[in-house]
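First listed ligand is number 1; within each ligand, the first listed atom is number 1.
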Amino acid sequence: MKGKFIVLEGPDRCGKSTQAKMLVNALLTHGKDVVLTREPGGTPTAEQIRQIVLQPGLDVRPMAELFLYEASRAQHTQEKILPALEEGKIVVCERYTMSTAAYQGYGRGIDLKMIDTLNQIATLGLTPDLTLVFLMSDKYFTQRGEYLFSDRLEQEDLRFRQQMRQGYLKLIKNTPNAHLIDADSNIDAIHAQVVELLHKYKIIE
Ligand SMILES: Nc1ncnc2c1ncn2[C@@H]1O[C@H](COP(=O)(O)OP(=O)(O)O)[C@@H](O)[C@H]1O
Ligand SMILES: [Mg+2]
């Protein structure tokens with residue numbers, strides 16, 4: 001693959017969208033061709049799947065939820081991510097396979113090996129060149145989320161968030177090229193850490 005695939009992972013409100021935008025700007029400043037995208041979603045079909053999976057109050061059972069995420073991923077990977085990488089672009093994606101292992105695996109208790117298998121099918125074997133995992137202390141969850149609207153998954157309780165945090169820590173250990181980023185820091189300090197990793201991975205010179 002000619003391009004580079006960078007994934008931002010971590011729970012809600014840990015700063016993924018904020019850092020993704022700053023990351024894209026840094027890459028553009030270095031003259032790179034960049035595609036910013038997200039999961040679930042990223043293409044018209046996958047965005048429609050996103051509507052179902054994040055709709056508050058809708059009855060979505062864990063196994064159905066898992067397959068919806070994987071359906072979104074299969075569409076997104078084939079339609080958008082792989083073609084962009086083949087054109088030599090840098091793809092920056094908010095959430096990918098690690099989110100499914102964290103939420104559906106560690107969060108909902110679905111077998112992790114099965115999730116791994118489904119992830120491999122949905123991605124056609126594509127793995128990120130760099131995964132940035134943002135984790136913050138729970139006290140910031142409410143501080144950073146004075147949202148008028150909270151989607152279905154953001155309403156999950158504290159215990160679920162703690163389970164996922166533990167899950168993310170284990171996943172980082174088992175995922176090549178995955179790095180923990182302390183999301184309690186201020187926005188510019190976190191961005192500086194991200195840029196350092198871009199250099200380390202020779203994504204920018
Ligand atoms: N390092 C940070 N320190 C304080 N507030 C932050 C930080 N990063 C992001 N925020 C704020 O927290 C909220 C959630 O950030 P966001 O980037 O949308 O998170 P995510 O995409 O992971 O859900 C936003 O209001 C954002 O401005
Ligand atoms: Mg976001």
Residue [X] vicinity, atoms of ligand 1 by number, heavy atom under 4.0 Å:
X      : answer
Ile190 : 1 (N)
Lys16  : 17 (O), 19 (O), 20 (P), 21 (O), 22 (O), 23 (O)
Ile187 : 1 (N), 2 (C), 7 (C), 8 (N)
Arg13  : 14 (C), 19 (O), 20 (P), 22 (O), 23 (O)

Check: Is it true that His76 and Tyr96 have ring centroids separated by less than 6.0 Å?
Finding: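 Distance test on ring centres: not under 6.0 Å, no.
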Do [X] and [Y] sit within salt-bridge range, that is, some charged N less than 4.0 Å from a carboxylate O?
X      : Y      : answer
Asp129 : Lys202 : no
Lys21  : Glu94  : no
Arg73  : Glu39  : yes

Notebook entry, point to check: How long is the gap from OH on Tyr106 to CD1 on Ile115, to the nearest 0.5 Å?
Noted result: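 The CD1 atom of Ile115 is 9.5 Å from OH of Tyr106, to the nearest 0.5 Å.
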Next item on the list: Supply the atom-to-atom distance Glu196 CD to Ile204 CD1, rounded to the nearest 0.5 angstrom.
Entry: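 Here the rounded value is 11.0 Å.
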Under 3.5 Å between any N/O of [X] and any N/O of ligand 1: does that happen in this structure?
X      : result
Asn186 : no
Thr18  : yes
Ser185 : yes

Next item on the list: Take atom CD of Glu86 as the centre, draw a 6.0 Å sphere, and report whether it contains more than 12 heavy atoms from other residues, nucleotides or ligands.
Entry: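 Buried by this count: over 12 neighbours within 6.0 Å.
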Notebook entry, point to check: Can you find a non-hydrogen atom of Gly10 under 4.0 Å from ligand 1?
Noted result: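 Per 4.0 Å heavy-atom rule, Gly10 does not contact ligand 1.
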Check: Does any N, O or S atom of Ser17, backbone or side chain, fall under 2.8 Å from the Mg ion (ligand 2)?
Finding: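 Of the N, O and S atoms in Ser17, at least one lies under 2.8 Å from the Mg ion (ligand 2), which means yes.
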